[in-house]
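This report concerns only the one structure given below.
Since we're looking at a predicted model, the values are computed, not measured. Start at 1 and go down the list; that is how both ligands and their atoms are numbered. One is the number of the first residue; the rest follow in order along the sequence.
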Amino acid sequence: MREIYGTTRILGLLGDPVEHTGSPAIHNFIAERMGDDIIYVPFHVKSKHLEEAVSGAYALNILGLNVTVPHKVEVMQHVTELDDAALDIGAVNTLVRVRGGFKGYNTDFSGFMRELDSVDIQVNGRDIIVLGAGGAAKAVMYALNKLGARDIYILNRNVEKAEVNFGSLKNVKVLGFSSWKEIPKGKYIGIQCTSVGLAPNEEECVISDDGFFDLIDEAVDLIYKPRETAFMKRVKGHGGRAYNGLRMLMYQAVSSYEFFTGREVPEEIVEELYRELDT
Ligand code: ATR
């Protein structure tokens, strides 16, 4: 058990629910390894109390907060400053204490970029297939465009929603899952951003046609429970490389921690954390 002192600074998570979150374990691990006098705690906050929670956190001298479902969009109304990437993505998952309030950042996209880098998937100039068009896909799409992706095919159950979210981007084509054959033959990076395949529905995958998986040579599934999803198994079964979203989860936390404290988390600590999470 960590000691708490009069000097101990507090980080936390605002969400509803928060009971199953892994963020406290990750941040407290980093704080301990960094030798920082910091603890991280979950705060179960209902939507109607979000504004009070943010201003209360400032009054309580809280150093920084993560923000999760369902508050990532709404919290943008309650920050005093907003990072450009968070504004473009339309979601904030990190609040960093500044003069007079908190500055909102998004580290989901940077966490995703750090995962791609660590598994050596190079996006620049590549064509991409994205499955899903919700909140997670927004951070992924921002990262893919920042990294220089060429054409991006977005497949979603609700095609209209995908059009609204991404249809205005000129390198993007939106399709329904059953229209995947309209994607030109070639080798694509595939990013699975739907919640389909999440435990306990481990056998599910939004597309099961074999021909589809011939299109994908490198892939990330944002799901990390189970560690190997049905989507990943199919990509591998067709000779591709596939990774789960555990590194993205870890790197979004590492990036948040770096924003909170203004210091980089050394690679040895990150790798030790990854081994810990991957057990
Ligand atoms: P997240 O923040 O995880 O992206 P979200 O914004 O609710 O959560 O998005 C969930 C994604 O999973 C969406 O692409 C959703 O498809 P719709 O936009 O059509 O709703 C997708 N999804 C969830 N359940 C699904 C299902 N049973 N079949 C197909 N897609 C599903």
Give yes if a backbone or side-chain nitrogen or oxygen of Val206 is under 3.5 Å from a nitrogen or oxygen of ligand 1, and no if not. no
Atoms of ligand 1 less than 4.0 Å from Lys161 heavy atoms? 17 (P), 18 (O), 20 (O)
Atom indices of ligand 1 within 4.0 angstrom of Gly132 heavy atoms, with elements: 14 (O)
In the protein, what heavy atom is nearest to atom 9 (O) of ligand 1, and what distance, to one decimal place, separates them? Gly134 CA, 3.5 Å
When rounded to the nearest 0.5 Å, the distance separating CG of Asn106 from CD of Gln252 is 9.0 Å
Note: heavy atom closest to atom 3 (O) of ligand 1, options Cys205, Ala136, Gly135, belongs to Ala136
Would you kindly check if the NZ (Lys) or CZ (Arg) of Arg33 is within the cone defined by 45 degrees around the ring axis of Phe29 and under 6.0 Å from the six-membered ring centre? yes
Using a 6.0 Å cut-off, check whether atom OH of Tyr153 has over 12 heavy atoms from anything other than its own residue. yes
Interatomic spacing from CG in Asn93 to OG1 in Thr68 - rounded to 0.5 Å: 8.0 Å
Starting from atom 26 (C) of ligand 1, which protein heavy atom do you reach first, and at what distance in Å? Arg157 NH1, 3.1 Å
Heavy atoms of the protein only: does one fall short of 4.0 Å from atom 7 (O) of ligand 1? no
Give a yes/no verdict on a cation-pi contact between Arg157 and Phe177, requiring under 6.0 Å between NZ or CZ and the six-membered ring centre and an angle within 45° of the axis. no
Cation-pi check for Tyr188 against Arg126: NZ or CZ below 6.0 Å from the six-membered ring centre and within 45 degrees of the axis, yes or no? no
Whether His27 and Tyr40 hold their rings parallel, tilted or perpendicular, with breakpoints at 30° and 60°: parallel
Applying a heavy-atom cut-off of 4.0 Å, say which part of Asn156 lies close to ligand 1: side chain, backbone, both or neither. side chain
Can you find an N/O atom of Thr194 closer than 3.5 Å to an N/O atom of ligand 1? no
State the CD1-CH2 distance between Ile129 and Trp180, to the nearest 0.5 angstrom. 9.0 Å
Looking only at protein heavy atoms, identify the closest one to atom 19 (O) of ligand 1 and say how far it is in Å. Asn158 N, 2.9 Å
For Ser195, take its heavy atoms, then give the atoms of ligand 1 lying under 4.0 Å from any of them. 12 (O), 23 (C), 24 (N)
